[in-house]
Each structure stands twice: as structure tokens, then as C-alpha cells.
Peer 1: 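Attaching a single structure in C-alpha cells format; questions to follow.
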Amino acid sequence: MTVQELPGAAAYRPTPPPAWKPITDPAPLLPDPEPYRVLGTDAVADVDPELLLRLHAELVRGRRYNAQATALTKQGRLAVYPSSTGQEACEIAAALVLEERDWLFPSYRDTLAAVARGLDPVEALTLLRGDRHTGYDPREHRIAPLCTPLATQLPHAVGLAHAARLKGDDVVALAMVGDGGTSEGDFHEALNFAAVWKAPVVFFVQNNGFAISVPLAKQTAAPSLAHKAVGYGMPGRLVDGNDAAAVHQVLSEAVARARRGEGPTLVEAVTYRMEAHTNADDATRYRVDSEVEAWKAHDPVRLLERELTERGLLDEAGVEQAKEAAERMAAALRDRMNADPELAPMDLFTHVYAEQTNQLREQAAALRAELDAEQDHDEHGPEAGR
């Protein structure tokens with residue numbers, strides 16, 4: 001029996017009712033076919049020279065931070081470090097576009113963004129050192145804990161932004177994620193909720209070419225990751241992730257749009273991970289050196305430095321000044337990380353539950369007894385307690 005033969009077939013409408021139609025015109029949501037650029041184009045003339053110089057100083061500092069943190073892993077002072085070398089333009093721009101009242105939701109590779117936002121460099125590395133779950137107060141710095149599970153910070157960002165909007169707070173959340181994270185369910189759930197609620201969120205994807213060892217072409221067949229935005233009803237923007245001025249401009253526009261109540265934006269920055277996924281990874285097993293060398297010609301520090309030099313805004317003295325400031329930061333970081341942390345064993349039980357369980361109280365009491373016995377032994381010798 002066909003549909004037309006069913007009872008009531010006369011009322012059957014082959015065309016769906018109007019409710020199925022998209023709420024918005026999809027055309028304005030689509031990203032440009034090529035990543036947006038500023039450096040080396042006429043658009044750079046409209047950029048504040050002071051902003052360019054600040055971006056340069058922060059990029060140089062960020063490059064040195066990555067190098068020092070990587071060295072600390074080889075010295076046994078860090079358990080692991082996911083370097084963002086080559087991605088500094090994304091990291092710095094993400095930090096600088098936010099107001100103090102806004103929130104940053106970083107992934108595990110975004111320690112540099114947290115530092116650029118004002119977080120103590122040592123506190124940013126505490127998680128990777130293995131001392132604590134996170135080394136800072138998220139509320140104080142308006143930086144969510146560095147997120148190791150892929151994309152789980154994205155729904156959190158949407159929730160915070162939506163709650164702020166309901167309370168009337170003028171707050172924007174910027175959520176960072178890698179290209180690998182866009183294949184997680186959390187990514188899709190976050191974008192859908194954000195678009196439906198018009199939450200003041202900016203989703204910032206750093207497409208660095210690889211999800212650990214998986215190249216982007218084996219992860220998605222989309223024209224770009226920015227194209228995924230149209231499926232949720234938000235604009236997608238595609239930007240050259242190694243062009244610090246371009247990234248700053250695109251993110252600034254997305255943040256301003258969110259603050260005006262116009263909803264979320266998905267920004268994809270096309271960049272490249274110069275170093276291995278972490279110090280525990282062997283990148284030579286899945287990519288060739290010639291590919292890395294080709295991207296070095298598009299290095300974000302060199303691109304901006306060349307632009308500033310050609311415009312007469314930066315000379316050799318200025319370059320050296322930026323390097324010296326970065327070296328002072330690295331030296332201070334090195335000295336502080338080489339000092340052994342003072343650990344309090346009872347802290348094991350402090351931040352597990354708001355109210356301790358009976359089992360935790362028993363474990364804490366047992367540990368306290370062991371510590372007291374050890375202290376008594378140290379103070380009075382082996383005869384103590386007999």
C-alpha cells in the first residue's frame with residue numbers, strides 16, 4: 001500500500017509545512033574560500049602600530065616560553081608539555097581580544113594563551129608538572145582550568161556565557177579547541193546549544209594540521225572546519241592563523257558580535273604545529289621534515305617582524321629588546337621551576353569533595369597518624385613511643 005492509498009490520503013501534503021525552513025539565510029554564514037590575511041596586504045595600513053608592536057613583543061615572549069617549557073620536560077621538571085610553537089599568533093590574539101570581565105576556556109595546548117592573559121607562568125605549568133589538578137584560581141583570573149580531555153571545555157563555555165547573559169552580565173566566553181577536538185561530540189553539542197540560545201561565545205579552532213598523528217584530511221571531508229558553522233546557524237570565519245594581526249582582527253569582530261547579543265561565531269585559524277604533539281611523541285613517524293621546513297617560511301614571528309621592519313616601526317635594537325625581555329622571563333621561569341615544590345600530604349583530601357565521605361575521613365586519619373609517628377621518630381629517635 002502506497003502513501004496515496006492510505007486512509008485520509010486526500011489530506012496528504014507532499015511538501016513539508018513552512019516550519020522546516022531555515023531560520024536564517026545560510027549564505028552570510030559561509031566563510032570565505034581563502035583564509036583572511038592582513039600582513040602583506042593593504043589592510044595592514046589600518047592596524048594600530050602600537051598593537052602590532054605589542055603583538056610582536058608577546059610573540060617573541062611566547063616563542064621563548066614554549067622553548068623553555070620544552071626544555072624543562074627534558075630536565076625532568078615537567079611531566080609533559082604540549083608546545084604551541086608555530087601557533088603563537090593564535091595564542092596571543094586569543095588572550096588580547098578579551099576584556100578583563102570575559103572568560104577564556106583553554107585546551108591543554110593553550111598554556112601560552114593563559115600566560116598572555118596574565119596568569120603566572122609557573123601556575124600555568126602546575127598541572128603539567130603533576131602537582132595539582134590546576135595551579136590557579138579560575139575565578140580570579142577568569143581562565144577555566146586547562147582542559148586535557150578533548151572539547152569538554154566547550155559546553156562549559158556555553159553554559160557560563162548563557163548564564164551570564166541571563167543575569168545581565170556583559171561577559172563573552174572564548175573557547176579554544178584544536179582540529180582534533182572538532183570530531184568530538186562535545187564540539188557539536190556546544191555549537192548547537194550556543195546557536196539556539198544565541199550565547200555570547202566565540203569558538204576558536206586552531207587547525208594545526210594534525211590530531212596527534214592523524215592529518216586533517218583523514219578526519220573530515222568538509223571544505224574547511226569553518227564551514228561547519230552554517231550547520232548550526234552561526235557565521236564561520238577562516239583566518240590565517242600565523243598572521244597575528246588578522247587573527248586579532250577576526251577574533252575582535254567575533255567578540256564584539258557576541259557582546260552585542262548577536263550570538264556565537266566559529267573561527268578557524270589555519271596554522272601549523274612546528275613541534276611534536278608533546279615531548280612523548282615522535283612526529284617523524286607521520287610527517288616529513290620538508291613539510292615542517294615549508295611552514296617555517298610562514299613563521300608567525302618572522303611574518304610580523306618583517307612587516308614591522310619594512311614599515312620602519314621596528315629596528316635591530318627593538319628586536320633585541322624584545323628578545324632580552326623574553327630571556328628574562330625564561331630565566332625567572334627556569335629558576336622557579338627548578339625549585340622543588342613544598343608539598344603538604346594532607347592536601348590529598350582537601351579538594352576531593354565539598355564534604356568528605358566517611359572513607360576519606362578514615363584515610364585522612366590514617367595518613368595523619370603515619371605522619372605524626374614519622375615526625376615523632378625524627379624528633380625523639382627510634383626509642384620514641386616504646
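Any value given below was found using the heavy atoms of this structure, including those in side chains, with hydrogens, waters and symmetry copies removed. Numbering of residues begins at 1 and proceeds along the displayed sequence.
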Peer 1: Which distance, rounded to the nearest 0.5 Å, do you find between the NE2 of H248 and the CG of L96?
Peer 2: 5.5 Å
Peer 1: State plainly whether the residues D170 and R165 are in salt-bridge range, i.e. N to O under 4.0 Å.
Peer 2: no
Peer 1: Does one hydrophobic cluster hold both L303 and V60, with members joined at side-chain heavy-atom distances below 4.5 Å?
Peer 2: yes
Peer 1: Do Q153 and P106 have side chains that get closer than 4.5 Å, going by heavy atoms?
Peer 2: no
Peer 1: Salt bridge or not for D102 and R259, using N-O below 4.0 Å?
Peer 2: yes
Peer 1: Establish whether V270 and F187 are linked, either directly or via other cluster members, by ILVMFWY side-chain heavy-atom contacts under 4.5 Å.
Peer 2: no
Peer 1: When clusters are formed by joining ILVMFWY residues with side-chain heavy atoms under 4.5 Å apart, either directly or through shared neighbours, do L154 and Y108 land in the same one?
Peer 2: no
Peer 1: Using the rule that Ile, Leu, Val, Met, Phe, Trp and Tyr join whenever any side-chain heavy atoms are under 4.5 Å apart, tell me whether L160 and M234 fall into a single cluster.
Peer 2: no
Peer 1: For a quick test of reading the model, state the closest non-hydrogen atom pair linking L238 to D32 and the distance between them.
Peer 2: CD2-O, 3.7 Å
Peer 1: Would you check if there is a donor-acceptor pair between the side chains of T152 and D186 at a distance under 3.5 Å?
Peer 2: no
Peer 1: Grouping I, L, V, M, F, W and Y whenever their side-chain heavy atoms are under 4.5 Å apart, do W103 and V255 come out in a common cluster?
Peer 2: no
Peer 1: On a heavy-atom basis, which atom in T265 and which in A254 lie closest, and how many Å separate them?
Peer 2: CB-CB, 3.8 Å
Peer 1: Determine whether H141 and E123 satisfy the following criterion, side-chain contact (heavy atoms from CB on, under 4.5 Å), listing intermediate values before the conclusion.
Peer 2: CA-CA 11 Å; H141 300 282; E123 291 182 356; 3.8 Å; yes
Peer 1: Nearest 0.5 Å, what's the CG-OG1 distance between D289 and T284?
Peer 2: 7.5 Å
Peer 1: Do the non-hydrogen side-chain atoms of L367 and Q363 ever get within less than 4.5 Å of each other?
Peer 2: no
Peer 1: With a cut-off of 6.0 Å (strictly less than), are more than 12 heavy atoms of other residues, nucleotides or ligands near CD of Q75?
Peer 2: yes
Peer 1: Evaluate D340 against R77 for salt bridge (charged side-chain N to carboxylate O under 4.0 Å, His left out), listing each step before the verdict.
Peer 2: CA-CA 9 Å; D340 291 329; R77 288 297 180 179; 2.7 Å; yes
Peer 1: What's the verdict on side chain to side chain donor-acceptor pair (under 3.5 Å) for Y65 and E88, showing C-alpha distance, side-chain angles and the deciding distance?
Peer 2: CA-CA 10 Å; Y65 177 85; E88 291 93 348; over 6 Å; no
Peer 1: For atom CZ of R285, decide whether the heavy atoms of other residues, nucleotides or ligands shown that lie under 6.0 angstrom number more than 12.
Peer 2: no
Peer 1: Indicate the atoms forming the closest heavy-atom contact of I143 with A114, along with that distance.
Peer 2: CD1-O, 3.8 Å
Peer 1: Heavy atoms, side chains only, cut-off 4.5 Å: are Q249 and Y36 in contact?
Peer 2: yes
Peer 1: Looking at R287, I want to see if its CZ is surrounded by more than 12 non-hydrogen atoms of other residues, nucleotides or ligands under 6.0 Å.
Peer 2: yes
Peer 1: Is there side-chain contact between P235 and L29, with heavy atoms separated by less than 4.5 Å?
Peer 2: yes
Peer 1: From L112 CG over to I92 CD1, what is the distance, rounded to the nearest 0.5 angstrom?
Peer 2: 4.0 Å
Peer 1: Quick one: do E305 and R302 make a salt bridge, cutoff under 4.0 Å?
Peer 2: no
Peer 1: Give me the atom names and distance for the closest heavy-atom approach of A164 to V171.
Peer 2: CB-CB, 3.9 Å
Peer 1: What I'd like to find out is whether the side chain of F105 reaches to under 4.5 Å of the side chain of V177, using heavy atoms alone.
Peer 2: no
Peer 1: Give a yes or no on this: more than 12 heavy atoms of other residues, nucleotides or ligands lie within 6.0 Å of atom CG of D372.
Peer 2: yes
Peer 1: Which pairs count as side chain to side chain donor-acceptor pair (under 3.5 Å) when at least one residue sits in residues 310-337, sequence neighbours excluded?
Peer 2: R64-E327, Q68-R334, D120-R336
Peer 1: So, for A116 and E58, which heavy atoms are closest and what is the spacing to 0.1 Å?
Peer 2: CB-OE1, 4.4 Å
Peer 1: Between R37 and D243, does any NZ, NE, NH1 or NH2 come within less than 4.0 Å of an OD or OE carboxylate oxygen?
Peer 2: no
Peer 1: Mark yes or no for whether R109, through its side chain, and S83, through its backbone, hold a donor-acceptor pair below 3.5 Å.
Peer 2: yes
Peer 1: Passes side chain to side chain donor-acceptor pair (under 3.5 Å), N66 versus R63? Steps please.
Peer 2: CA-CA 5 Å; N66 274 318; R63 176 63 55 87; over 6 Å; no
Peer 1: Is there a side-chain contact (heavy atoms from CB on, under 4.5 Å) between R61 and V115 once you walk through the steps?
Peer 2: CA-CA 10 Å; R61 181 171 177 259; V115 171; 3.9 Å; yes
Peer 1: Compare every heavy atom of A339 with every heavy atom of R129, then report the nearest pair and how far apart it is.
Peer 2: NH2-O, 2.9 Å
Peer 1: Are the side chains of H188 and Y232 in touch, meaning some heavy atoms are under 4.5 Å apart?
Peer 2: yes
Peer 1: Side chains of S224 and H227: does their closest heavy-atom pair fall under 4.5 Å?
Peer 2: yes
Peer 1: Decide yes or no on side-chain contact (heavy atoms from CB on, under 4.5 Å) for H56 and L313, but give the supporting numbers first.
Peer 2: CA-CA 11 Å; H56 173 260; L313 298 172; over 6 Å; no
Peer 1: Pair up each side-chain donor or acceptor in residues 200-219 with any protein partner under 3.5 Å, not counting sequence neighbours, and list the distances.
Peer 2:
from, atom 1, to, atom 2, distance (Å)
Q206, OE1, Q87, NE2, 3.0
Q206, NE2, E91, OE2, 3.1
Q206, NE2, D110, OD1, 2.9
N207, OD1, G209, N, 3.2
N207, ND2, E268, OE2, 2.9
N208, OD1, F210, N, 3.3
N208, ND2, Q87, OE1, 2.9
Q219, OE1, S183, OG, 2.7

Peer 1: Verify, without hydrogens or angle tests, whether R257 (side chain) and E262 (backbone) share a donor-acceptor contact under 3.5 angstrom.
Peer 2: yes
Peer 1: Would L146 and Y136 count as a side-chain contact (heavy atoms from CB on, under 4.5 Å) if you check the C-alpha gap in whole Å, the side-chain angles of each, and the deciding distance to 0.1 Å?
Peer 2: CA-CA 10 Å; L146 288 162; Y136 55 91; 3.9 Å; yes
Peer 1: Between atom CG of L72 and atom CG of L333, what is the distance when rounded to the nearest 0.5 Å?
Peer 2: 5.5 Å
Peer 1: Taking side chain as C-beta onward, heavy atoms only, is T73 less than 4.5 Å from V80?
Peer 2: no
Peer 1: Using the ring of each side chain (for Trp, its six-membered ring), is W197 parallel, tilted or perpendicular to H162, with breaks at 30° and 60°?
Peer 2: parallel
Peer 1: Could you state the interatomic distance from OG1 (T85) to CD (E275), rounded to the nearest 0.5 Å?
Peer 2: 4.0 Å
Peer 1: Going from CG on L98 to CG on L174, what distance comes out if it is rounded to the nearest 0.5 angstrom?
Peer 2: 5.0 Å
